[in-house]
Amino acid sequence: MKKNQGKVYRDKLNQLEDQLTAENRHYFDDLRMYMSMAGLLLDEGELNMQLYQLAADLLAAQADGVSAVDYFGNQPQEMADELLANTKKASGKSLFGMVLLVVGILWGVNLIGDFSLASEMFLSIPQYFASALLGVLGVGVLFFVMKKMVFSSGVAVFREIKTGIAFGIVFLGVIAGQLAVALLLVDVGIVRIPFPVDVLILGGLVVGLTIFLVKAGDKLFYPVVFFLYVLLALGVVQRLLAGDFLTGSYWHTLQSVVLIGALVVWFVCQMKVSRGNR
């Protein structure tokens with residue numbers, strides 16, 4: 001498989017899907033979502049290639065006046081499960097890279113978060129390993145829940161609401177787990193990173209993450225890059241305040257306003273990019 005074959009077929013798939021009628025696109029969106037969620041441990045390139053072929057076949061059938069339901073049938077989940085059962089599994093290297101990506105992003109966000117919330121940086125090594133485990137489990141549970149919701153019975157609007165609630169529960173569960181781990185391991189395996197070493201390390205980390213995520217070519221990560229820079233800037237302000245390079249209580253208020261505003265912008269952008277990325 002080519003290194004970027006998964007992305008190549010994903011881009012081609014998006015172009016084909018844009019040519020489908022509203023009814024056919026709705027049918028195929030559900031099929032694609034289900035296979036993507038259920039195929040987490042499968043080869044991305046082969047999975048997207050299969051989806052591309054399905055979309056091409058549906059587009060040809062649509063040109064002959066045949067609907068998705070008539071062409072694929074009323075049991076898309078059964079068809080998808082059969083296709084997934086015959087799809088090549090992801091290699092161990094690919095799975096390790098996927099886990100490493102999740103853990104790397106999580107650790108990067110945690111490091112920058114710790115950096116931005118205090119004037120001096122202290123890290124608990126055991127806490128970071130527990131946090132990584134929670135993050136990987138959270139992603140797995142999230143994919144499983146979203147897969148279950150795709151073809152669940154009920155009106156489409158209510159299914160979306162249920163999916164949103166389920167997503168929120170999983171997300172809050174991971175956050176609660178991270179907070180619990182932070183409280184339990186708050187004084188265990190502590191490492192102090194002094195100023196300005198912390199600034200140099202975190203600055204390099206943010207630049208490295210930026211280059212990696214942009215090179216990945218997936219716009220889904222762009223809002224994350226924006227938020228990382230906001231957190232880095234807040235951390236620098238914290239250290240300038242601690243060193244009396246900046247004075248005035250309004251700086252603390254400004255930090256809170258910037259953080260809340262950045263969270264809102266990040267959430268809105270993430271939702272828009274997620275819809276566009278399908």
What pairs of donor and acceptor atoms, side-chain ones from residues 138-146 against any protein atom, are under 3.5 angstrom apart with sequence neighbours left out?
none

Listed by chain and number, what are the side-chain hydrogen bond (donor to acceptor under 3.5 Å, both in side chains) partners of D57, not counting sequence neighbours?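 So D57 forms no side-chain hydrogen bond (donor to acceptor under 3.5 Å, both in side chains) with any residue.
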Is there a side-chain contact between [X] and [Y], using heavy atoms and a 4.5 Å cut-off?
X    : Y    : answer
Q62  : T21  : yes
R10  : E44  : yes
V69  : P76  : no
M49  : Q53  : yes
I201 : V197 : yes
L123 : R192 : no

Can you see whether S67 engages E23 through a side-chain donor-acceptor pair at a distance of less than 3.5 angstrom?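 Result is no, nothing qualifies.
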Between the side chains of D81 and Y34, is a donor N or O closer than 3.5 angstrom to an acceptor N or O?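 Yes, Y34 and D81 have a side-chain donor paired with an acceptor closer than 3.5 Å.
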When you measure from the side chain of Q19 to the backbone of L59, do you find a donor-acceptor pair of N or O atoms at a distance under 3.5 Å?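 Side chain of Q19 to backbone of L59, a donor-acceptor pair under 3.5 Å: no, none is there.
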Are the side chain of N48 and the backbone of Y9 linked by a donor-acceptor contact shorter than 3.5 Å?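 The answer is no, because no donor-acceptor pair under 3.5 Å joins these two groups.
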Could you tell me if K93 sits above the aromatic ring of F96, with its cationic atom closer than 6.0 Å to the ring centre and no more than 45 degrees from the axis?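 Not flagged: K93 not positioned over aromatic ring of F96.
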First locate atom CG of L58, then atom CG of D70, and finally report the distance between them rounded to the nearest 0.5 Å.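 CG of D70 is found 10.5 Å from CG of L58.
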What's the separation between atom CH2 in W107 and atom CZ in F129, rounded to the nearest 0.5 Å?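 Spacing of CH2 (W107) from CZ (F129) equals 4.5 Å.
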Between M35 and L54, does the side-chain contact (heavy atoms from CB on, under 4.5 Å) criterion hold? Intermediate values first, please. CA-CA 12 Å; M35 291 184 67; L54 289 174; 4.2 Å; yes
Suppose we screen for side-chain contact (heavy atoms from CB on, under 4.5 Å). Which residues come up paired with S124, at least two apart in sequence or across chains?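 Partners of S124 by the side-chain contact (heavy atoms from CB on, under 4.5 Å) criterion, ordered by chain and then number, come out as P126, Q127, L185, I190.
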Do the ring planes of F72 and Y27 sit parallel (below 30°), tilted (30 to 60°) or perpendicular (above 60°)?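 The arrangement is parallel - the two ring planes meet at less than 30°.
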CA sep, side-chain torsions, deciding dist, call: H26, L20, side-chain contact (heavy atoms from CB on, under 4.5 Å): CA-CA 9 Å; H26 176 73; L20 297 175; over 6 Å; no
Apply the side chain to side chain donor-acceptor pair (under 3.5 Å) test between Q50 and each candidate in T87, N86, D43; give the one that qualifies.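 Running side chain to side chain donor-acceptor pair (under 3.5 Å) over T87, N86, D43 with Q50 returns exactly one hit, T87.
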